[in-house]
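Numbers restart at 1 for each chain; the letters A, B, ... are given by sequence-line order, proteins then strands. Any value given below was found using the heavy atoms of this structure, including those in side chains, with hydrogens, waters and symmetry copies removed.
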2 protein chains.
Amino acid sequence: MVNDSFKALSHPIRRGIVERLGEGPATVGDATAGFGVSKPAISKHLKVLEETGVVRREVRGRAHWLSLEPKVLGEAADWMDRQRALWGRLFDVVDEYLKEGSR
Amino acid sequence: MVNDSFKALSHPIRRGIVERLGEGPATVGDATAGFGVSKPAISKHLKVLEETGVVRREVRGRAHWLSLEPKVLGEAADWMDRQRALWGRLFDVVDEYLKEGSR
DNA sequence: CGAATCGTTAACCACATGGTTAACCGTAGC
DNA sequence: GCTACGGTTAACCATGTGGTTAACGATTCG
């Protein structure tokens, strides 16, 4: 669902993880270093990203490799695109409409 | 902040309101009819949208007119665009990388 | 003026979220 | 085999979120 994507991205740490994974797959340790929270906290964020389908996990030996699942994030981006198209088309009209109405 | 935009859009009712406002400004009653929650609940959602700068309010008589503030939502959309650009460029590589590594 | 309308504020409640520490599990390396 | 490493699970806690009902405030209309 689109809602899940936005929820997943609504936390800065999770968005940070997604940004790093945008540069390529990485282990949990590498993808999540430097956020200043404990490992269990990271683990929970990863669970959210995985359950919403934004991130995929592949266990290899003792390392867990993470990578993006673009399709799901694409749904959210599509919603954004649609909204932006509306704004672009209507913002000026909207603005004028408001000014007119207040006369 | 970008974070606020995502938070604002992470709730289906708030996203529904934004969608309606995408078609033009509307009063609180019109923009929020049919969501199946009480008026105070609506009021809180509007507060979030307003505080994050996604929605603008203009009080006119006893009616409150709402309209979108595209600039703020644009920040979130930009973030999305950047991520998508990364995916587009790197998804195939990422995929290949994973397969290679598991040999 | 009095009543209806549009919307907010206040007080409260249940549950989700995000963090912690402590303990654990599976794999890798000496 | 034992220890170190990468990461998760369990239990707990504080705070935030999203909803409710009740009451109120301001504007419009008869």
Peer 1: Could you give the NZ-to-P distance, from A:Lys39 to D:dG7, as a whole number of Å?
Peer 2: 8 Å

Peer 1: For B:Arg62, give me all partners under salt bridge (Lys or Arg N to Asp or Glu O under 4.0 Å), at least two apart in sequence or on another chain.
Peer 2: none

Peer 1: Rounded to whole angstroms, how far apart are CD on A:Glu51 and P on D:dT8?
Peer 2: 12 Å

Peer 1: Just the rounded figure in Å: distance from P of D:dT17 to NZ of B:Lys44.
Peer 2: 11 Å

Peer 1: When hydrophobic residues are tied together by side-chain contacts of less than 4.5 Å, even through go-betweens, does A:Val18 share a cluster with B:Val2?
Peer 2: yes

Peer 1: Could you pull out all residues at least two apart from B:His45 that satisfy ring pair (Phe, Tyr, Trp, His ring centres under 6.0 Å)?
Peer 2: B:His11

Peer 1: Between A:His45 (NE2) and D:dT8 (C1'), how many Å, whole number?
Peer 2: 15 Å

Peer 1: Going from OG1 on B:Thr27 to CD on B:Glu58, what distance comes out if it is rounded to the nearest 0.5 angstrom?
Peer 2: 13.0 Å

Peer 1: Could you note down all residue pairs passing salt bridge (Lys or Arg N to Asp or Glu O under 4.0 Å) where residues 12-21 of chain B supplies at least one of them, sequence neighbours left out?
Peer 2: none

Peer 1: Between B:Ile42 (CD1) and D:dT17 (C1'), how many Å, whole number?
Peer 2: 15 Å

Peer 1: Excluding sequence neighbours, so at least two apart, what forms side-chain contact (heavy atoms from CB on, under 4.5 Å) with B:Ala76?
Peer 2: A:Met80, B:Ser5, B:Phe6

Peer 1: Give the B/S/- string for nucleotides 23-30 of chain D, one per nucleotide from 5' to 3', where a protein heavy atom under 4.0 Å of the base yields B, of only the sugar-phosphate yields S, and otherwise -.
Peer 2: ----BS--

Peer 1: Could you identify which residues of residues 6-14 of chain B place a heavy atom less than 4.0 Å from some atom of DNA chain C, listed by residue number, or say none?
Peer 2: none

Peer 1: Tell me the salt bridge (Lys or Arg N to Asp or Glu O under 4.0 Å) pairs involving residues 71-80 of chain B, sequence neighbours left out?
Peer 2: A:Arg84-B:Asp78

Peer 1: Taking 5' to 3' order, which nucleotide of DNA chain C is first and which is last to have an atom within less than 4.0 Å of a heavy atom in chain A?
Peer 2: C:dT17 to C:dA28

Peer 1: Go through the structure and list residues passing side-chain hydrogen bond (donor to acceptor under 3.5 Å, both in side chains) with B:Ser43, not counting sequence neighbours.
Peer 2: none

Peer 1: Which pairs, with at least one residue in residues 13-38 of chain B and sequence neighbours excluded, count as a ring-ring contact (aromatic ring centres under 6.0 Å, His included)?
Peer 2: none

Peer 1: Specify the separation, in whole Å, of atom CG of B:Leu46 and atom P of D:dT17.
Peer 2: 16 Å

Peer 1: Mind checking side-chain hydrogen bond (donor to acceptor under 3.5 Å, both in side chains) for A:Glu50 and listing every partner two or more places apart, or none if nothing turns up?
Peer 2: A:Arg57

Peer 1: Taking only residues two or more places apart in sequence, or in another chain, which ones meet B:Ala31 in a side-chain contact (heavy atoms from CB on, under 4.5 Å)?
Peer 2: B:Leu21, B:Ala26, B:Leu66

